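To start, the structure under review is shown below, and the notes come after it.
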Amino acid sequence: MYVLPSLFTAGNMAAGYYAILQAIQGTASDWHPFDRAALAIALAVIFDGLDGMVARMTNTTSDFGRELDSLADTITFGVAPSILAYRWGVLLLPQNIHESARLQVTELGAFACFLFLLCNASRLARFNVTVNPQPENPGRPGKKYFVGMPTPAVAGVIVSVIHCCKTPINEVWIAAVWIGLIVFTGFLMVSRWRFWSAKELHFGSRKPTRLLLLLAVLVVLVLAYNDYSLIVLSLGYLVSGVLARLAYGWGKRSQRKLHAA
């Protein structure tokens with residue numbers, strides 16, 4: 001039974017390896033390998049969720065499984081998205097763009113993608129060594145939250161944009177925005193901001209019908225309209241964490257003003 005969760009982890013790693021191979025093959029004239037790489041990473045998000053769920057359901061959690069999962073996440077949600085983001089969004093800018101501008105954007109993009117990878121590894125290392133981490137903007141007592149945006153969710157943001165847009169970026173200013181998104185999502189990973197955890201979902205509750213119905217609707221939407229549903233879900237999750245942090249900051253400032261008055 002201890003092998004069962006690791007099989008899903010292996011699937012996660014295989015999807016990441018496949019995504020890297022596809023990202024290397026993509027060109028400005030053929031964007032299909034980039035799209036396949038994005039979908040492979042999106043599939044790996046499902047594998048990543050299942051390995052932990054299966055381990056908890058079968059009571060087969062182990063230190064080995066936890067470390068293997070972190071290594072797999074580094075490959076699939078760190079190395080693969082950083083290579084994909086660099087090649088799709090920065091490296092394939094047209095040759096007719098001013099050479100110095102294209103070179104500067106390319107170098108900046110390479111550095112930003114490395115920062116993304118570094119933040120990914122740091123986020124996973126912090127997760128492994130921290131016991132009962134608490135966000136700097138606490139939520140409701142008794143609720144489970146992630147401290148920092150989870151690496152699969154961040155990778156989901158990157159690949160959902162690629163899957164929605166399809167063709168590689170061909171404008172310098174769009175590439176600059178893309179680099180900004182990469183840096184910002186990297187920051188969210190290592191931040192101490194509160195993000196909702198799917199561990200709050202309990203399928204063993206007395207009335208799981210509403211939850212199952214909601215999940216069924218989400219699955220249908222993703223399968224039927226994945227070009228848009230994936231980007232809406234991933235960016236919606238990102239925005240929810242940012243808004244939670246801003247709301248907490250505004251609330252603290254309001255309290256200080258009231259005390260000062």
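Computed from a predicted structure; not experimentally measured. The basis for the numbers below is simple: all heavy atoms, side chains too, and nothing from hydrogens, waters or symmetry mates.
Nearest approach of Ala155 to Pro81, heavy atoms of both residues: CB-CG, 3.8 Å. The minimum heavy-atom distance between Ala19 and Ala40, with the atom names listed, is CB-CB, 4.2 Å. Taking every heavy atom of both residues into account, Leu117 and Gly78 meet most closely at CD1-C, 3.5 Å. Here the shortest heavy-atom pairing between Trp178 and Ala85 reads NE1-O, 3.0 Å. Residues Ala112 and Ile182 come closest through the heavy atom pair O-CG2, 3.7 Å. Taking all atoms of both residues into account, the shortest heavy-atom contact from Val105 to Val90 is O-CG1, 3.4 Å.
How far CZ of Phe47 is from CD1 of Ile41: 13.5 Å, rounded to the nearest 0.5 Å.
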- Query: Please walk me through it: do Trp31 and Cys165 pass side-chain contact (heavy atoms from CB on, under 4.5 Å)?
  - Reply: CA-CA 10 Å; Trp31 51 264; Cys165 297; over 6 Å; no

- Taking it one step at a time, do Tyr225 and Val220 satisfy side-chain contact (heavy atoms from CB on, under 4.5 Å)? CA-CA 8 Å; Tyr225 308 101; Val220 170; over 6 Å; no

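The aromatic rings of Phe187 and Trp193 lie perpendicular to each other, with more than 60° between the two planes, well past the 30° mark.
The backbone N or O of Leu92 sits nowhere less than 3.5 Å from a side-chain atom of Arg87 that would complete a donor-acceptor pair. Although no hydrogens or angles enter the test, the distance criterion places a donor-acceptor pair under 3.5 Å between the side chain of Ser160 and the main chain of Val157. The backbone N or O of Val190 lies less than 3.5 Å from a partner atom in the side chain of Arg126, making a donor-acceptor pair. Side chain of Trp88 to backbone of Lys166: a donor-acceptor contact under 3.5 angstrom is found. Listed for the Ser70 side chain is no donor-acceptor partner under 3.5 Å among the backbone atoms of Leu124. With hydrogens and angles ignored, the 3.5 Å screen pairs no side-chain donor or acceptor of Arg36 with any backbone N or O of Gln22.
Side-chain contact check for Met189 versus Phe116: some heavy-atom pair is nearer than 4.5 Å. You'll find the side chain of Ser240 reaches within 4.5 Å of the side chain of Tyr237, heavy atoms only. Looking only at side-chain heavy atoms (C-beta outward), Asp227 and His163 come within less than 4.5 Å of each other. Counting heavy atoms from C-beta outward, Gln104 and His98 have side chains that stay 4.5 Å or more apart. Within the 4.5 Å cutoff, the side chain of Lys252 has no heavy atoms near those of the Asn137 side chain. When side chains are defined from C-beta on, Gln95 counts as touching Arg102, because their heavy atoms get closer than 4.5 Å. The shortest distance between side-chain heavy atoms of Leu39 and Leu43 does not fall below 4.5 Å. At a threshold of 4.5 Å between non-hydrogen side-chain atoms, the residues Thr167 and Phe34 do not count as touching.
Residue Tyr17 places its OH atom among 12 or fewer non-hydrogen atoms of other residues, nucleotides or ligands, all under 6.0 Å distant. Other residues, nucleotides and ligands place more than 12 heavy atoms under 6.0 Å from the CG atom of Asp30.
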